[in-house]
Amino acid sequence: MTQELPKTYEPTIAEKKWYDTWEKGGYFKPRKGKKNEGYCIIMPPPNVTGRLHAGHALDITTQDALIRYKRMKGYETLFLPGMDHAGIATQNVVEKMIMETEKKTRHDYGREAFIKKTWQWKEEYGGIIASQQRVMGASPDWDYSMFTMDPEANEAVRKVFVNLYNEGLIYQSDYIINWDPVLQSAISDAEVDHKEVNGAFYHILYKIKDSDETLEIATTRPETLLADTAVCVHPDDERFQKYIGKTAIVPFCNREVPIIADDYVSIDKGTGCLKVTPGHDFNDFEIGRRHNLPIINMLNKDGSLNEIGLEFKGMMPPKARKLIVEKLEEIGQLKEVKKHTHQVGHGERSGAIIEPLVSKQWFVNVKEMSRVAVEAVEKDDTVFYPKQWENTYFSWLREPKDWCVSRQLWWGHQIPVFYCNKCNHQWASEEDPTICAKCSDKDIKQDPDVLDTWFSSALWPFSTLGWPNPERMKQKKFDTFFPTSVLVTGFDIIFFWVARMMMMSHKVLDIRPFKHVYIHAIVRDKFGRKMSKSLGNGIDPLETAAEYGADAFRFTLAAGSGYNRTLNLDPERINGYKAFVNKLWNAFRFTYPFLQDAGELPKDFSKLDHHERWILAELNTVAAQMNSSLDEYRFDESCQAIYHFVYEKFCSWFIELSKPILYGDNEDTKASRAAVLRFAFKEIVALLHPITPFITEELWEHLKSKDEDLLIVKDYPEEKEELRFTKDQESMNKFVEIVSSIRGVRQSVGIKPKDEVALEVYTDEAELISYLKEHESGLKDMARLNSLVVKSKSEARPDKSAVAALTYCELFIPLEGLIDINDQIQRLNKDLAKTQAEIAKLNKKITNPQFIDNAKPEIVEKVKVEAAELKEKEDSLLKSLANFK
RNA sequence: UGGGCUAUAGCUCAGUGGGAGAGCGCUGCCUUGACAUGGCAGAGGUCGACAGUUCAACCCUGUCUAGCCCAACCA
C-alpha cells in the first residue's frame, strides 16, 4: 500500500510527535549500550530568568548532536540539564516586579519574605527555557535536572566553603573592590565594562606646609581629594626631590598628608605628581599598602558623599566634582582644566559608574588551585578544542588574583560563617548552628552576604552528580559519569566558569572535571554584530524553529560550528538548509513506493552492480568522515560531508541512475536496486540524526523493519572494510566527468536539454572502452544520447563537431551545420591556454635538476604523470582546433 | 600600552610545503514523470603587504598594515 506523502515536509507536527515519543519512552535516560562506557555532558545551566537566545540554541545543538551521536554509538549517555539561580539578575527581576505591582522594595519585605517571594517567582515564571530547549530537540534526562539553589547544591557549596575556610584558603579582608552603587554590591572585575568617557584633567595646586610653594597635581577625579592621604612623586624625579618627606595640605579639609616617593608614578605623565586616595582608586590602594597610609572612605553605599565630603555631603560624585572645581577656582587653587577622554568602569548589568571602594569582603586564595588547573591543561589531562583557547585559559590563571566571592545580595547561597555576639568567635559551619561553637551562647548571627553565583557553578560538574552525599552519588552513577566527557561553551566564560570548575574539581576531588573542553563560536548577526536588544538584531530560536523547522535551524548552527570564533547567522542560510531538509524529504517521497517491499542488502556483494557498489562505497566514505569529524567537534565538516553526499552523490546520480531500473521491468535488478536504496536511506538518516533528529526519525518510521527500535537508539554507521569498493569509485568518477563534459559541450553549442544527440568517443584505454560499453544505457540516459560509438584515437575525427578533450579521451558530438565554429574555437582555445599554462608550470619543475634531486620521489612521479596526461589533452585540443580550420 | 587571535571568491568560512575549495549569492539555459525549497552548466581569487628560509611558500620565519578579543591604564 502506497501511503500519500505531502509534497513538502511539514516540521511542526513531526517535531512535537517525536519529542513526546522520545521523552515519554524514556529514550533520553542513560542506558547501557554495546560500548559499556559512560558519556556525559553537563549542560551549562542557563539563567532561571533567561529566555532562549541564539547562543543557547548553538549550545544545545552542538551538545545534543554529540549526545545523540554517542548514544547511537552505544555509550551509556547522560545529558544533564539544569538552571542557574543567577543572583543579581533574578533579584533584579523580582525587585522590579514587587515595585511595579505592590510599590514595595525588598526592604519592605525583609530578607526572609523576599527570598520566599523569589522562590515563588521561580516556581511560577522561572525555567521557561526548559520548554524552549525541548523545541530545539534537546535530549537530556530531565529527571536529572537541578537548580543551583537546590538543597543538594547548597550542601556541596557549604561543604566546600567550610573546608576551604578551615584550611585558611577563604579569608576576610579589607580590600578595594568594584562597588556597584545601584546594585549596592561588590561585583567582579569581569563584570565591569570599561567605556570611554569624555572627562578632563584638573590641575590642582596643593599647598606645602610651612612654605609658600605649591605642588601641581593632575587628576580626573578632583572630588576624591577629600579622601586623599598622601601626595606622591617618583623617587628619581629631580623636580620634586626637595619636597619628599615634607607635608602637603589637602584643600577644603586642610588635612596634612605626607609627600612620599613611589616608583609607580611616571615622571612624564600628567604633572609627575600624584594625589593618593587609597580608599577610591585601585593603584592608590596599592601605594597606600606599601606606605602604610590610612584609608578614608568618603562614599555611602549608594555612591553619594558621606560626612567626609563636608559641605558636599549627600551629593553624587559628578555634582560634587563640579562644585569642588568651581570652589577650587575661587580660592585660586585650580591651575587649569584639560579635556581628556578616559576609560571609566561601568557595571555590566546595572550600567552604573563603578566606584572603587574599600570594604570587608570574603576572598578565596586561588594561588595553588590555579597552579594545579594550569598544570592539568599543560599536560593535556584536559584538552581544549580548538587548542588555541588554552592561551586564553592560561592568561587568566597564570597571574591569578584572589577571588572575591562575597556579594551583598539576598538571593544566593548565604555565606555559612557565623559570629557570636558575646565572645566574638567566628566560625564556618555546614549545618546551621543554634549556639556559639566556642562559648555556647545563643546570641549568634550569620554573615549576611551571599556567595558569587560562580561559586556554586564551579562545583556544578560534581554537585549535579550527587556529591558529597554517597547515596546520591551512587544513585546518580557518579562513577560512570565523572569526570564528564566534554564541556561545551563559548569563549566568553573560559575564566568565569571553565577555569573555576577546573580549580574546584582538582581541589575538592583531585581529578579533572572533564576530558575535553569544546569552545564554540559566539553567534552574531549576518553583519558580524553582536546580537543585542538595543540593536534589535537578535534571532529568536523559537520563531526561527517555527519558520524553518528545528532541523534546518540545527543544521545551520552545526554547519557553522567548527574551530571558528564567530558564527554570523543569516536567515538566508537557514532557508538554504530548510531546502536541504526538504530535498531529503522529496528524495524519500520518490523512492518510498519502491522501498516498501524492498529486502535487505544481499550477503554476497558480487551480486550488486557497479553503481550500487559505488554508492555503498561513497556511503562508507561519508560514514568515516562523519565519525572522525564529530569526534573532533568539526560539525562544519560533518555537515558538509553529508550535505554533499545527499545532494551530489545520492540524489543527482544514484537516484537519477536508478529511475530507468525502477521504472523498468527487470524484476531482479529492480529488487536489488530497491534493497540498496533502502539500505542507503537507512544509513543516511542515521548519519544525519544527531544533527537533524526530527525528520530523520520521521523517515525512519517508514524505513525500519518491524523489529527495529526508534532511530534515536539505532547503531551509528561506521566505516566498513567490506564496503570499500575503491575501483568502482574511481571508474564512477570518470563516468561523472564524461557526462558532465558532454553536458558542458551541449550547453555551449545551445543544444536543448531535451534533444538527443550522437556521441563519438575516441580513446585507446582498453578499460575505459569496456566500461563505456557496459554502461552505455546509463551514459545515454544521463547525457541524453541517441547513439554512442567508441573509436580508436588513430581513426579520423568527424568534421563539424562540438568537442571536449579529457586527459584520457576525446568526446565528439557531430553537428552538421548546426554549430557556430567560432564559438567552438574560442572554447577550445581557452581550454588549450589553461592546459598549456599547467604544462609549462609542471615542465619547469621537471626540468629543474634540484627538484628532481630534492623532492620526494612520489611527488616527482606524480608531476611527471600529470604532465604526460595534460600533454595528451593538449594534443587532442590541438588536433580538434586544426580540424576546424 | 601589553598579550592573544584573525586576514583565502561578492558574503560566511574550510584547507594543505608540491595541481586554489565549500555553502550562500551571482549569470545563462531548463515548468525532463521526487523536489522551482528543483535540475544542468558557468563566471569570479596576484590566498592582507613586504622580505627571508626552501628545488618549491597560500601554508614555515620575520617586519609592517588592518580588524577582533582579553588585560592594563594615562593620575
Applying a 4.0 Å non-hydrogen cut-off, can you work out what [X] is touching in the nucleic acid: base, sugar-phosphate, or nothing?
X      : result
A/R634 : sugar-phosphate
A/K578 : base
A/K830 : sugar-phosphate
A/C651 : base

- A correct 5'-to-3' footprint of nucleotides 20-28 of chain B, with B, S and - meaning base, sugar-phosphate only and no protein heavy atom under 4.0 Å, is S-SSS---B
I want to verify a distance call: between [options], whose nearest atom is closest to the [X] side chain?
X      : options             : value
A/R743 : B/C35, B/G38, B/A41 : B/A41
A/N283 : B/A14, B/C73, B/A34 : B/C73
A/N564 : B/C35, B/C13, B/U37 : B/C13
A/T8   : B/U37, B/A41, B/G15 : B/U37

What residues, two or more places apart in sequence or in another chain, satisfy ring-ring contact (aromatic ring centres under 6.0 Å, His included) together with [X]?
X      : result
A/Y577 : A/F555, A/Y643
A/Y548 : none
A/W585 : A/Y9

What is the distance from [atom1] of [X] to [atom2] of [N], rounded to the nearest Å?
X      : N     : atom1 : atom2 : result
A/I522 : B/C68 : CD1   : P     : 16 Å
A/E547 : B/U37 : CD    : C1'   : 13 Å
A/E632 : B/G15 : CD    : C1'   : 14 Å
A/K844 : B/G18 : NZ    : C1'   : 13 Å
A/N575 : B/A36 : CG    : C1'   : 13 Å
A/I846 : B/G19 : CD1   : P     : 12 Å
A/N586 : B/C35 : CG    : P     : 6 Å
A/I695 : B/C35 : CD1   : P     : 16 Å

- Only counting residues at least two apart or in another chain, list the ones meeting salt bridge (Lys or Arg N to Asp or Glu O under 4.0 Å) with A/K387.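 So A/K387 forms a salt bridge (Lys or Arg N to Asp or Glu O under 4.0 Å) with A/D380, A/E390.
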- Message: Quick check on RNA chain B: between A/W389 and A/K754, whose nearest nucleotide comes earlier from the 5' end?
- Response: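 Between the two, 5'-proximity favours A/K754.
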- Message: Which is more 5' along RNA chain B, the nucleotide nearest A/Y663 or the one nearest A/K275? Just name the residue.
- Response: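 The answer here is A/Y663.
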- Task: Give a yes or no on whether A/K834 atom NZ has more than 12 heavy-atom contacts from other residues, nucleotides or ligands under 6.0 Å away.
- Result: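 Not more than 12 within 6.0 Å, no.
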[M] and [N], which share atom name [atom1], separated by this distance in whole Å:
N     : M     : atom1 : result
B/G38 : B/U32 : P     : 15 Å
B/G42 : B/G23 : P     : 14 Å
B/G10 : B/A43 : C1'   : 12 Å
B/G45 : B/A34 : P     : 39 Å
B/A51 : B/C59 : P     : 13 Å
B/A9  : B/G52 : P     : 26 Å
B/A14 : B/A7  : P     : 7 Å
B/C73 : B/C5  : P     : 23 Å

- Message: Using only modelled atom types and a 3.5 angstrom limit, is any donor from either the side chain of A/K583 or the base of B/C35 paired with an acceptor on the other?
- Response: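 Such a pair exists between side chain and base.
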- With A/I813, the side chain to side chain contact (heavy atoms under 4.5 Å, CB included) member among A/L759, A/V803, A/L785, A/V749: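 Of the listed options, the one satisfying the test is A/L759.
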- Item | Note, A/E637 side chain near A/Q625 side chain (heavy atom, < 4.5 Å) |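 Result no, sub-4.5 Å side-chain heavy-atom pair not found.
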- Query: Tell me, do A/F635 and A/I691 make a side-chain contact under 4.5 Å, heavy atoms counted?
  - Reply: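 No, side chains not in contact.
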- Query: Would A/K659 count as a cation-pi partner of A/F590, with NZ or CZ less than 6.0 Å from the six-membered ring centre and within 45° of the ring normal?
  - Reply: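 Flagged: A/K659 positioned over aromatic ring of A/F590.
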- Query: OP1 or OP2 of B/G19 less than 4.0 angstrom from a side-chain nitrogen or oxygen of A/K834, does that happen here?
  - Reply: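 For B/G19, OP1/OP2 do not have a side-chain N/O of A/K834 under 4.0 Å.
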- Task: Indicate whether OP1 or OP2 belonging to B/C40 is found under 4.0 Å from a side-chain N or O atom of A/S652.
- Result: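 True: A/S652 side-chain N/O within range (under 4.0 Å) of B/C40 OP1/OP2.
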- Message: Tell me every residue that passes side chain to side chain contact (heavy atoms under 4.5 Å, CB included) with A/T220, counting only those two or more places apart in sequence or in another chain.
- Response: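 A/F201, A/H340, A/H342.
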- Message: A/E866: which residues meet the side chain to side chain contact (heavy atoms under 4.5 Å, CB included) condition with it, sequence neighbours left out?
- Response: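 If we apply the side chain to side chain contact (heavy atoms under 4.5 Å, CB included) test to A/E866, skipping adjacent residues, the hits are A/L842, A/K862.
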Pairs under 3.5 Å (N/O, protein and nucleotides 55-59 of chain B):
from: B/C55; atom 1: O2'; to: A/N848; atom 2: ND2; distance (Å): 2.8

- Considering only NZ, NE, NH1 and NH2 on the basic side and carboxylate oxygens on the acidic side, decide whether A/R746 and A/D755 come within less than 4.0 Å.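 Looking at A/D755 together with A/R746, the answer is no, because their closest N to O distance does not fall below 4.0 Å.
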- Salt bridge present between A/E861 and A/K864 (N-O < 4.0 angstrom):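 No salt bridge links A/E861 with A/K864.
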Every protein N/O lying under 3.5 Å from an N/O of nucleotides 3-6 of chain B:
from: B/C5; atom 1: O2'; to: A/R565; atom 2: NH2; distance (Å): 3.2

- Message: Going by salt bridge (Lys or Arg N to Asp or Glu O under 4.0 Å), name the pairs with one or both residues in residues 836-854 of chain A, residues two or more places apart or in two chains.
- Response: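 Listed once each, the pairs would be none.
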- Message: Is it true that A/T8 and A/E10 share a donor-acceptor pair across their side chains at a distance under 3.5 Å?
- Response: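 Looking only at side-chain atoms, A/T8 and A/E10 do not form any donor-acceptor pair under 3.5 Å.
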- Classify the angle between the aromatic ring planes of A/F735 and A/W653 as parallel (below 30°), tilted (30 to 60°) or perpendicular (above 60°).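 Aromatic pair A/F735/A/W653 classed perpendicular.
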- Message: Pairs counted only when both distances fall under 3.5 Å, Watson-Crick or G-U: show me the 5' to 3' dot-bracket for RNA chain B, [ ] for pseudoknotted crossings and | for other-strand partners.
- Response: (((((((..((((....[..)))).(((((.......))))).....(((((..]....))))))))))))....
May I have the list of side-chain donor-acceptor pairs in residues 224-232 of chain A shorter than 3.5 Å, sequence neighbours left out?
from: A/T224; atom 1: OG1; to: A/R221; atom 2: O; distance (Å): 2.8
from: A/T224; atom 1: OG1; to: A/K275; atom 2: NZ; distance (Å): 2.6
from: A/D228; atom 1: OD1; to: A/K275; atom 2: NZ; distance (Å): 2.9
from: A/D228; atom 1: OD1; to: A/T277; atom 2: OG1; distance (Å): 2.7
from: A/D228; atom 1: OD2; to: A/Y206; atom 2: OH; distance (Å): 2.5
from: A/T229; atom 1: OG1; to: A/P294; atom 2: O; distance (Å): 3.1

